[in-house]
Q: 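Let me give you the structure first, and then I'll get to my questions.
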Amino acid sequence: MKSLKYIWLTAIVLLSVGFASCDKDDEYFDDKYQGRKIVIEKVFLEDVESSVPDREVTFARLGQMIRLEGHGFMGMKKVYINGYETYFNRAYVSDNSMLVTLNTKTPITNADENVRNTIRLVKDRTETIYEFEIRAAFPSITSVSNTLPGAGQKVTVYGSSLHETYLITLPGGIEVTDNIENDPDGEWYSFVMPSGVSQAGCITSDGANGKTQSPDFFNNRNCMILDFDGNGVHGFWGSSNKDENDNIKPGVSMIYDTDLVDDPLGTGYGKVCQLIPQRLLNEGGISSAKPRATEVWTTGNKHETEDWTRMTPFIPATTPLTEVALQFEVYIPNPWSLTGQIVITLVNNISFSGYNGDERNSNTFFYIPWLVTDNEGNPASIPFFTEGWTTVTVPLSEFNNYKAILEDKEAVAPTFQDVITLRNDASNQQFGMGFVNSDIEVTYTNDKGKEAVAKFPSALSTQEIYIDNWRIVPYKFVTISDYPEDEETEE
């Protein structure tokens with residue numbers, strides 16, 4: 001099959017040469033062609049990378065090249081796709097065939113109904129309209145607002161080309177067809193989580209541009225690290241942190257089981273972690289320039305739950321870290337900006353000094369949702385809050401130690417086994433998070449091309465931050481082929 005991929009390309013070259021030789025006579029624009037009837041009999045998709053490089057199709061996507069087969073194409077003056085005037089090269093036109101590439105600016109859902117899904121060919125004294133489905137680029141899912149929702153909760157799925165989603169299939173084959181909300185620009189759709197979803201897997205959706213699916217991270221509790229309700233073991237220590245009445249002394253950073261609170265939204269999450277415990281808020285909050293303000297851990301101590309080999313039946317050890325992620329839920333009811341950061345660490349070997357400390361080169365990830373890049377490319381602070389529980393997804397490849405390895409093009413790309421080995425070899429195996437309130441300085445390149453530093457001095461923080469459900473999930477994205485049944489493995 002591999003050699004067949006080039007037959008049509010060779011034909012294109014020969015066709016081009018043939019028409020180049022006719023340019024001197026300009027026969028293409030001869031008046032005899034302008035009244036000749038135009039007939040489109042078939043449409044073919046031209047894709048040299050496919051096992052079927054010249055495939056008869058009933059639809060095509062923006063950016064793809066199609067070949068019209070029929071007769072009467074010589075002398076073609078204009079081509080309109082969904083009413084959009086589309087460039088074509090007359091060197092690739094014969095009386096029986098012509099090539100057209102679908103411009104990415106062609107309207108789809110916002111095309112006038114009278115011209116949507118049509119190809120219109122025009123000459124001086126004749127024209128024809130051919131009904132043919134035009135789709136946007138392949139639909140894709142990039143994130144999901146909450147991957148562990150309870151029944152009745154609204155879920156928003158983000159991505160591109162998600163126009164007119166009409167069918168959503170959840171793990172276990174449960175289908176959703178009612179009350180689907182669609183973004184006119186195809187950047188999201190939303191649905192209400194039905195009852196009875198007990199399996200883990202992907203969200204699959206069907207819309208105007210075809211089928212797409214998320215990674216297998218939806219409703220996925222298979223690799224739970226800690227949910228503060230008995231899955232995983234919450235660790236805490238420090239007898240000197242308590243007085244003779246077993247009360248926690250003022251200012252203690254360790255988060256104990258007594259610091260856990262009930263789900264503030266009553267959505268079924270049970271006990272959750274308030275990252276700045278209420279006792280510290282009652283003391284006035286977290287002062288500025290405060291490292292290691294709070295910390296919450298798993299048990300460590302070589303406990304069986306700390307050996308993530310237990311996760312390999314669900315995520316093979318050989319999986320690239322770009323295809324494995326940490327997920328957790330966060331609820332931030334009030335706007336958070338300007339100060340404070342959450343440090344996440346794979347093992348307990350850091351001091352929680354913060355964004356500008358040595359742990360920037362360690363097995364850490366800094367979750368600072370209020371720190372963004374503005375339209376000019378400069379670091380900026382934008383108030384951040386969530387409307388209910390929201391899932392945070394961090395690919396393990398974004399942890400600083402592994403990110404550095406992946407940036408070295410000559411290094412061996414890390415796998416999930418590397419994370420398992422790191423944790424099992426650690427003296428202190430605890431996985432944890434902490435709130436740090438130190439100053440933040442971000443180095444960037446300004447609009448003059450020079451290195452600059454944006455400074456965000458810390459201030460008193462009384463931020464309410466709730467977290468829950470630390471877990472490892474699959475994070476492999478898949479593009480669903482339009483023609484999977486015809487694809488062949490090349491030799």
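Positions are given from 1 along the sequence.
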Q: Are a donor atom and an acceptor atom from the side chains of Asp439 and Ser458 found within less than 3.5 Å of each other?
A: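 A donor-acceptor contact under 3.5 Å links the two side chains.
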Q: For residues 191-235, which residue pairs pass the ring pair (Phe, Tyr, Trp, His ring centres under 6.0 Å) check, not counting sequence neighbours?
A: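 Checked against ring pair (Phe, Tyr, Trp, His ring centres under 6.0 Å) - neighbours excluded - the pairs reaching residues 191-235 are Phe228-His234, Phe228-Trp470, His234-Phe236.
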Q: Please determine whether the number of non-hydrogen atoms from other residues, nucleotides or ligands lying under 6.0 Å from atom CD of Glu387 exceeds 12.
A: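 No, because the 6.0 Å sphere around CD of Glu387 holds 12 heavy atoms or fewer from other groups.
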Q: Heavy-atom count check: over 12 atoms from other residues, nucleotides or ligands less than 6.0 Å from Phe385 CZ?
A: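 No.
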Q: Can a donor-acceptor pair be found between the side chains of Glu187 and Ser160 at a distance below 3.5 Å?
A: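 No, Ser160 and Glu187 have no side-chain donor paired with an acceptor closer than 3.5 Å.
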Q: Can a salt bridge be assigned to the pair Arg55 and Asp47 using a cut-off of 4.0 Å between side-chain N and carboxylate O?
A: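 Looking at Asp47 together with Arg55, the answer is no, because their closest N to O distance does not fall below 4.0 Å.
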Q: Nearest 0.5 angstrom please: Asn356 CG to Ile440 CD1, how far?
A: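 Taking CG in Asn356 and CD1 in Ile440, the distance rounds to 7.0 Å.
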Q: Side-chain donor-acceptor pairs under 3.5 Å in residues 363-371, sequence neighbours left out?
A:
| from | atom 1 | to | atom 2 | distance (Å) |
| --- | --- | --- | --- | --- |
| Asn363 | OD1 | Asn349 | ND2 | 3.4 |
| Asn363 | ND2 | Thr345 | OG1 | 2.9 |
| Asn363 | ND2 | Asn349 | OD1 | 3.4 |
| Thr364 | OG1 | Glu359 | O | 2.6 |
| Thr364 | OG1 | Asn400 | ND2 | 3.0 |
| Trp370 | NE1 | Gly340 | O | 2.9 |

Q: Is it the case that atom CG in Asn179 sees more than 12 heavy atoms from other parts of the structure closer than 6.0 Å?
A: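 Incorrect, the count does not exceed 12.
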Q: Decide whether Gln327 and Thr391 meet the rule of one side-chain donor and one side-chain acceptor closer than 3.5 Å.
A: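 No, no side-chain donor-acceptor pair sits under 3.5 Å.
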Q: Is it the case that Trp389 and Asp263 place a side-chain donor and acceptor less than 3.5 Å from each other?
A: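 Side chains of Trp389 and Asp263: pair found under 3.5 Å.
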Q: Counting distance only, does the side-chain N/O of Thr415 pair as donor-acceptor with the main-chain N or O of Thr318 below 3.5 Å?
A: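 Answer holds: no.
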Q: Check whether the ring centres of Tyr331 and Trp336 lie less than 6.0 Å apart, and answer yes or no.
A: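 Aromatic pair excluded; centres sit 6.0 Å or further apart.
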Q: Can you tell me if Asn231 uses its side chain to pair, donor with acceptor, with the backbone of Leu226 under 3.5 Å?
A: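 Absent.
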Q: Exactly one of Glu164, Glu131, Glu133 should register a salt bridge (Lys or Arg N to Asp or Glu O under 4.0 Å) with Arg116. Which one does?
A: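 Considering Glu164, Glu131, Glu133, a salt bridge (Lys or Arg N to Asp or Glu O under 4.0 Å) with Arg116 is found only for Glu164.
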Q: Ignoring hydrogens and angles, state whether a donor on the side chain of Thr390 or Asn146 is under 3.5 Å from an acceptor on the partner side chain.
A: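 Asn146 and Thr390 do not have a side-chain donor-acceptor pair below 3.5 Å.
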Q: Looking just at side-chain N and O atoms, do Ser205 and Tyr189 make a donor-acceptor pair shorter than 3.5 Å?
A: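 Yes, a side-chain donor-acceptor pair sits under 3.5 Å.
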Q: Would you say Gln430's side chain and Val347's backbone share a donor-acceptor pair under 3.5 angstrom?
A: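 No, Gln430 side chain to Val347 backbone: no donor-acceptor pair under 3.5 Å.
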